[in-house]
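Order of listing sets the numbers, starting from 1, for every ligand and every atom in it. Both backbone and side-chain heavy atoms feed into the values below; hydrogens, waters and symmetry mates do not.
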Amino acid sequence: MISKAGNALNGHLDHRNPLVFDTRELGRRPGALKRLTRSVDAPGSPVLGIDGVIGVPEGAPLELDLRLESVMEGVLVTGTARASAEGECVRCLEPLTVEVDADFQEMFSYPDADDRGRSSAADPADDAEDDEDRFFLEDGLFDLESVLRDAVVLALPMQPVCKETCAGLCSECGIRLDENPGHHHDAVDIRWAALQGLAETVQDGEKDNMGGAEPGVDEKQEK
Ligand SMILES: [Zn+2]
Ligand SMILES: [Zn+2]
């Protein structure tokens with residue numbers, strides 16, 4: 001049997017879970033429709049979104065708009081989830097907010113729905129794999145969490161930026177370039193740089209000769 005995130009351990013859905021919906025009012029007459037909206041607190045652990053990149057904070061308001069349609073084999077659920085996701089710009093690391101508008105559609109089959117239309121010659125192993133991806137109604141209830149999570153991930157940017165033109169950080173000193181227009185470091189002529197490097201090496205060598213024993217050695221000897 002399937003075991004989807006959000007299902008209670010005993011395998012029964014909890015109708016008090018805000019992401020569990022009841023389809024019993026709909027009846028089983030194909031074509032019957034029901035629309036509903038629900039405002040819920042975004043689930044956490046893991047965050048709704050792309051963990052470590054951008055997501056809807058746990059407990060943040062999440063608006064769900066659902067259309068339930070009774071079809072032969074179950075209930076076809078079409079919907080939209082709206083929320084604000086928080087993350088940071090991948091270029092300049094400034095916090096940012098993205099309005100999520102995630103669409104989804106999923107079939108929740110009756111547990112007794114047979115496999116008409118599926119090849120009866122199919123390998124049992126294939127069947128088991130297919131079942132992993134199928135969603136079922138349990139006593140007329142379904143759990144939207146898994147579908148919602150996938151839809152929100154797809155609706156979010158993998159590489160969020162504060163704005164398309166964000167110039168990011170200076171690769172040399174790390175300051176935010178958008179806040180420091182014209183920022184640059186004077187390019188040093190490579191021949192001068194080589195000479196400077198040589199001069200520093202000579203100075204370091206003189207210091208070492210004059211300084212005597214290295215401090216690190218003294219410390220070790222004291223213990
Ligand atoms: Zn940025
Ligand atoms: Zn810089």
Side-chain angles (χ1 to χ4, degrees), residues 4-6 18-19 37-67 77-106 133 143-211 214-216 219:
K4 295 279 182 194
L19 292 175
T37 58
R38 189 182 283 184
S39 301
V40 303
D41 292 346
S45 47
V47 72
L48 183 64
I50 308 166
D51 209 9
V53 177
I54 188 165
V56 181
E58 181 171 5
L62 180 70
E63 303 294 329
L64 296 169
D65 239 314
L66 298 186
R67 176 182 180 274
V77 177
T78 310
T80 308
R82 289 184 192 86
S84 291
E86 291 174 11
E88 61 182 34
C89 173
V90 292
R91 295 185 200 152
C92 71
L93 312 180
E94 285 291 302
L96 55 78
T97 303
V98 171
E99 296 307 316
V100 188
D101 199 336
D103 295 325
F104 48 85
Q105 182 168 67
E106 190 63 59
D133 298 329
D143 184 353
L144 190 67
E145 181 164 349
S146 183
V147 173
L148 175 68
R149 285 187 174 282
D150 288 350
V152 169
V153 166
L154 285 175
L156 285 171
M158 297 289 287
Q159 305 273 316
V161 286
C162 60
K163 58 179 192 279
E164 282 308 316
T165 59
C166 174
L169 304 175
C170 171
S171 60
E172 285 190 52
C173 68
I175 72 163
R176 198 169 170 229
L177 295 174
D178 283 357
E179 283 169 358
N180 298 272
H183 171 81
H184 71 288
H185 296 265
D186 286 325
V188 180
D189 185 297
I190 193 154
R191 288 163 298 180
W192 279 111
L195 275 178
Q196 268 183 335
L198 190 63
E200 277 160 21
T201 312
V202 172
Q203 276 173 359
D204 285 353
E206 280 170 358
K207 259 187 250 160
D208 278 356
N209 289 342
M210 292 188 293
E214 289 168 48
E219 277 168 29

Visitor: About how large, to 10 degrees, is the angle SG of Cys173, then the Zn ion (ligand 2), then NE2 of His183?
Guide: 110°
Visitor: Could you tell me which N, O or S atom of His185 is nearest to the Zn ion (ligand 2)?
Guide: NE2
Visitor: How far does CG of Leu177 sit from CG of Leu169, to the nearest 0.5 angstrom?
Guide: 7.0 Å
Visitor: How wide is the angle at the Zn ion (ligand 1) between SG of Cys89 and SG of Cys92, to the nearest 10°?
Guide: 100°
Visitor: Can you find a pair of side-chain heavy atoms, one from Leu156 and one from Val53, that are under 4.5 Å apart?
Guide: no
Visitor: Looking at Val47, Leu48, Val147, which one forms a side-chain contact (heavy atoms from CB on, under 4.5 Å) with Val152?
Guide: Leu48
Visitor: Look at His184 and state whether any of its N, O or S atoms is less than 2.8 Å from the Zn ion (ligand 2).
Guide: no
Visitor: Just by distance, no angles: are the side chains of Ser84 and Glu99 close enough, under 3.5 Å, to form a donor-acceptor pair?
Guide: yes
